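Letters A, B, ... mirror the listed sequences (proteins, then strands); counts begin at 1. As the structure is a computational prediction, the values presented were derived from the model and not from experiment.
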Amino acid sequence: MTNTCLTFRDLTLGYGSHPAIHHLDGTIRKGSLTAVVGANGSGKSTLMKGIVGVLKPMAGEVIRAPGVRAAYLPQQSELDRSFPARVVDLVSLGLWPRRGLLGRYTRQDRDDVSKALMAVGLGGFEKRPIDTLSGGQLQRTLFARVLLQDADLILLDEPFNAVDAKTVGDLIALIKHWHGEERTIMVVVHDLDLVRQNFPETLLLARQPIAWGETRETLKPENLLRARRFHEAWEENAPWCEPGEDAHGHGHDHDHHDHQHGVGPRAA
Amino acid sequence: MDTLYGLFIAPFADFGFMQRALIGSLMLSLGACPIGVFLMLRRMSLSGDAMAHAILPGAAAGFLFYGLEILPMTIGGLIAGVIVALGAGAVSRFTIQREDASMAAFYLISLAIGVLMVSIRGSSVDLMHVLFGTVLALNDEALTLIGGIVAVTLVSLAIFWRALVAECLDPLFLRSVSRLGSPVHFIFLGLVVLNLVGGFQALGTLLSVGLMMLPAAAARFWTVRVEPMCVLAVLIGFASCVAGLLLSYHASLPSGPAIILSAGVVYFASILFGTRGILRARIIHHRHRTA
């Protein structure tokens, strides 16, 4: 068990009384690189929020291995771009895990900030006000912040949105570099070709996992078809999920979830 | 030389009340202006105004029981302000109502109670005093109080600076690395109340928010970083206080409005001439670099 980074135990996450992630069980191995795919509203971002802890579970739990620090790049950042800050100020927020509220930034820290910007191809952008950055540049700036956080677990929610092809290549290279450093990485992606080429493992979500494991297996046509049938809308009068029946899925349409994938990632 | 001395130095050199007014208002600027910058950046400029109204019933209660005494009125104002800030904050956090609406509801109720209380006891002159203050009548007690408030404000800002900036710049990020988000929000609201209460003896409940917001709003036109913005806001605050007091002395104007109007002049000048102001944007428009 020591090489487990995350454990989901009967995890249900959602909004109001409606689940967006429904009874998820399974583990994420340390040092694994997992793509999270699925239709809109299939619970990908919700799962990310649940892992990082900004959304409390409705039921079940996410267990992080002790000492694992997470860095999170949200899909819709609540970043205030009109705030008077420079690129270097924004990236320096990534020093928080290292320096906290009161720790002084050292010369070393400042060098690290420059190096992180260099790594995402934004060397020399330190003094630029953030409201002058393009969408892709801002995304790379946020990558630099993740880089600086030096986390063991890295959660990226649709990091390639509005990013040009060259930059996607750069960012993928960065992700692979992290993978090489034995960091655990989960990335929400829409581009399945990108997933097939670059991600060893994939979690296919449709509120519950459709398939979870080695990418080639997971992204088989029959799985994708099942994921596509997923009904996005909530139903106001959907029956209540009763503890007795949901735990093992009897009589539910999601009964496939808790057996199949549990072994997947470990076997992979 | 003599006329310059007579115009600018003599009023402060010759009169104790002018010295106190100067010291008091400068100290107020030191604390209130940086707070104003953050209020503005968090788009809570009008919340500051609402809070200023909200402290009235507390001050009025102090006035009702103890007369025109600084300490009871201040403590009363502080309590009322904290109740309104926490109440409005809690309603917005735990219900679907947004903070602007809950703040408006709370402060209007608070203001009505305040006016009612003052009218039970006093004449309209008293009400005028509470509403508009008199910077020219600051006593030692008031100065000590303002000094204390400024010290608390500056120390808190120094400690929580990084969290406050992070909470404004990227609140979701702060939540992902630290639990300080909510505490910092409430600490900040507390500082707002504290500084408004500090200002109301000098400027009145209605205008104390002016010394907080106007220099901050003016400073926004000059710089693209928070730190210089705060420093600049304080300097604008200083200048407004000196100018306002001199104006009030020479032209026999009420001091509070004179100070706020001086800040208003700086604000309009900044809109026009600031490095991010109207004129500059128009002129630069015609020239650009190659990359």
For the atom pair CG (B:Asp170) and CZ (A:Phe83), what is the distance rounded to the nearest 0.5 Å? 11.0 Å
Heavy-atom distances under 4.5 Å only: say whether B:Arg276 touches chain A with side chain, backbone, both or neither. side chain
Rounded to the nearest 0.5 Å, the CZ atom of B:Phe160 sits from the CG atom of A:Leu102 at a distance of 8.0 Å
Any salt bridge linking B:Arg42 with A:Asp80? Criterion: basic side-chain nitrogen under 4.0 Å from a carboxylate oxygen. no
Atom OH of A:Tyr105 with >12 non-hydrogen neighbours under 6.0 angstrom: yes
Check the surroundings of atom CG in B:Leu46: do more than 12 heavy atoms from other residues, nucleotides or ligands lie under 6.0 Å from it? no
A:Tyr72 and B:Arg175: side-chain donor and acceptor closer than 3.5 Å? no
How about B:Arg43: does its CZ atom have over 12 heavy atoms from other parts shown lying under 6.0 Å from it? no
Whether over 12 other heavy atoms sit under 6.0 Å from A:Arg128 CZ: yes
Options B:Leu169, B:Leu172, B:Val226, ranked by heavy-atom pairs under 4.5 Å with chain A, top entry: B:Leu169
Out of curiosity, A:Asp89 CG to B:Arg162 CZ, how far, rounded to the nearest 0.5 Å? 11.5 Å
Heavy-atom distances under 4.5 Å only: say whether B:Ile159 touches chain A with side chain, backbone, both or neither. both
Identify which part of A:Arg99 has an atom lying under 4.5 Å from any heavy atom of chain B, answering side chain, backbone, both or neither. both
Side-chain touch A:Pro84/B:Thr223, heavy atoms, less than 4.5 angstrom: no
Say you draw a straight line from NZ of A:Lys49 to OG of B:Ser176; how long is it, rounded to the nearest 0.5 Å? 13.0 Å
Separation of B:Ser178 OG from A:Leu101 CG (nearest 0.5 Å): 7.5 Å
Shortest non-hydrogen contact from A:Ser82 to B:Arg220? O-NH2, 2.7 Å
Atom group of A:Ser92 that falls short of 4.5 Å from chain B, counting heavy atoms: neither
Can you tell me which portion of A:Leu73 sits under 4.5 Å from chain B's heavy atoms? Options are side chain, backbone, both or neither. neither
